[in-house]
Amino acid sequence: MGEQREKLWSKDFVLITVSNLFLFLIVQMQLPTFPTYAKETYLANDFAAGLTASFFALGAIVARIFTGELLKTKNSKVILIIGLCIVGITTAGYYWTGSIVLLLLMRALFGTGFGISSTTLPTIVTNAIPAKRLGEGMGYYGLSQSLAQALGPMIGLTVLTTFGFGSMLSVGVAFILLIFPLTSIIRAYKQPTPGAYAHETGLKRFYDKKILLPAFLNFCMSITYGGLVSFLAIYGKEANIEHISWFFLCNAIAIVLVRPIAGKLFDKKGHIAVFPPGAILIALGLLGLSYVNNNVILIISALLYGLGYGCIQPSAQAWMVKEVKPEQRGMANAFFLNSIDCGIAVGSILLGVIAAHSSYAMMYRLSALLMVLFVIVYALSRVFAAKKSKNTVVTAPVTQNIEA
């Protein structure tokens, strides 16, 4: 008889995953609608309109750093409720902003609430996932975010154009109100034992050296994604591809399909089974995109990129969470999420500069080199780890003989 597997789809796991879906739906509804709203309502220029996303990201990044620290010693349920309250209040409060300055400040506050909530939820869900199925569980949990990325912009833009800005905000408030009853019946919260965590000093409070490698690799991958979300629409016009938006749809489909499989592979074989193949798939997808001249190549490129992205991202999160102590999981999740946001921000700037001095096609070819760097760094880390392990084995008997 085979080994009996611990239950993954518990009530807590489902409730937390659905809560994450609603949270990310709110965010994804707002991302494409706020630049348009800022332009039409406050006559903002492109730079000011773009700041609506930048201020949101800045608030989220800063909040995550301190949330990861708080989750080591404070009740995760209280922290989550505070974050959700900030998200709900600011979502409703947008309606009464009377200037672009107030709108930007509100976006930063909203980002703060989202940063707190989006760090706390994955930390809580790791308490509900059996240790031996962590990769698989994080893969399924991440599907809620992928689904929100696919549906959120469509819902937000449809409601905005059909019913107006106030109705779009009302839908967001409704989503946040749905989360509260769900979180009230979750039992996976953990109150850290007083004195169980020895406080680090300085910057070591906010990171652990064991998670730097997967965070860096995730950062490299996210740079390439920044080039997609920022410039794909413009590239479609340059390459005369009418249905360039199909890339995001096919990319999302591939991510949804591969996440559970990649999670199971991670649990059974470790990150070596998903990281190198995932990086190669992303590189091939970017190269294909750089030479796209018809919809078939576009779809194939999107599927390749999505398969690679879906392999690496949930596995990177599971890897980081497994490397740290239970009380450090909030910090690990904060570091993981910030590596994504920082990568997207750097990608938008760096790849934009490259495109300005060459072309968008060349930009995507060069961004594929980041995945070559990804593989090189990962391979070197494996070689270094193997040498370190070998030296440890060789040194042990010598030490024992001396002691004898």
Side-chain angles (χ1 to χ4, degrees), residues 24 27-28 30-32 34-35 46-47 49-61 64 107 111 114-115 118 142 145-146 148-150 152-153 214-239 244-245 247-248 250-252 254-255 278-279 281-290 292 301-302 304-306 308-314 316-317 335-374 377:
F24 273 87
V27 174
Q28 294 299 324
Q30 294 182 11
L31 280 177
F34 269 79
D46 289 335
F47 176 75
L51 287 178
T52 59
S54 300
F55 272 60
F56 158 73
L58 179 62
I61 289 171
R64 285 182 187 133
R107 287 296 283 161
F114 173 71
S118 63
Q145 183 176 338
S146 301
Q149 288 173 333
F216 174 76
L217 296 175
N218 197 50
F219 171 76
C220 289
M221 182 184 68
S222 298
I223 291 176
T224 70
Y225 190 69
L228 291 174
V229 296
S230 300
F231 306 113
L232 190 63
I234 303 173
Y235 176 57
K237 293 180 180 179
E238 181 186 85
I244 196 69
S245 61
F247 185 95
F248 287 114
C250 296
N251 175 67
I255 290 174
L281 287 169
I282 288 177
L284 291 174
L286 290 168
L287 286 174
L289 181 63
S290 72
V292 68
S301 300
L304 289 171
Y305 188 93
Y309 194 91
C311 280
I312 293 172
Q313 192 187 63
Q317 187 172 16
F335 217 84
F336 166 77
L337 293 165
N338 280 346
S339 70
I340 296 174
D341 286 343
C342 290
I344 291 174
V346 169
S348 300
I349 297 170
L350 176 63
L351 297 180
V353 172
I354 292 174
H357 290 83
S358 55
S359 67
Y360 290 105
M362 180 58 67
M363 178 197 75
Y364 287 123
R365 286 169 206 155
L366 292 176
S367 68
L369 292 177
L370 278 167
M371 302 317 295
V372 176
L373 173 65
F374 180 109
V377 171

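With rounding to the nearest 0.5 angstrom, the CD1 atom of I282 is 8.0 Å from the OH atom of Y309. In this structure, CG on L232 lies 4.0 Å from CD1 on I244, to the nearest 0.5 angstrom. Rounding to the nearest 0.5 angstrom, the gap separating the CD atom in Q28 from the CD atom in Q145 is 7.5 Å. Atom SG of C220 and atom CG of L373 lie 5.0 Å apart (nearest 0.5 Å). Here the CG-CZ distance, from L287 to R365, works out to 8.5 Å after rounding to the nearest 0.5 Å. Atom OG in S359 sits 9.0 Å away from atom CG in L366 (nearest 0.5 Å).
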*Begin with the C-alpha distance, continue with both residues' side-chain angles, and end with the deciding distance and a verdict on side chain to side chain contact (heavy atoms under 4.5 Å, CB included) for I312 and L217.*
CA-CA 9 Å; I312 293 172; L217 296 175; 5.9 Å; no
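With a 4.5 Å cut-off on side-chain heavy atoms, L228 and F247 count as touching. Between S301 and V292 there is no side-chain heavy-atom pair separated by less than 4.5 Å.
Ring geometry, Y235 versus Y360: the interplanar angle falls from 30° to 60°, so the pair is classed tilted.
Formation of a donor-acceptor pair under 3.5 Å by the Y364 side chain with backbone atoms of G227 is found in this model. A donor-acceptor pair under 3.5 Å is absent between the side-chain atoms of R107 and the main chain of F55, judged by distance alone.
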Show the atom names and distances, to 0.1 Å, of all donor-acceptor pairs under 3.5 Å that link a side chain in residues 339-354 to residues at least two apart or in another chain.
{"unit_1": "S339", "atom_1": "OG", "unit_2": "N218", "atom_2": "ND2", "d": "2.9"}
{"unit_1": "S339", "atom_1": "OG", "unit_2": "F336", "atom_2": "O", "d": "2.5"}
{"unit_1": "D341", "atom_1": "OD2", "unit_2": "R64", "atom_2": "NH1", "d": "2.5"}
{"unit_1": "D341", "atom_1": "OD2", "unit_2": "R64", "atom_2": "NH2", "d": "3.4"}
{"unit_1": "S348", "atom_1": "OG", "unit_2": "S230", "atom_2": "OG", "d": "2.7"}
{"unit_1": "S348", "atom_1": "OG", "unit_2": "I344", "atom_2": "O", "d": "2.9"}

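Centroid-to-centroid, the aromatic rings of F24 and F114 come within less than 6.0 Å.
Closest heavy-atom contact between A283 and A368: O-CB, 3.9 Å. Looking at every heavy atom in both residues, G278 comes nearest to C311 through CA-CB, 4.2 Å. M363 and A355 get closest at one heavy-atom pair: SD-CB, 3.8 Å. Across all non-hydrogen atoms, the minimal contact from V27 to F56 is CG1-CZ, 3.6 Å.
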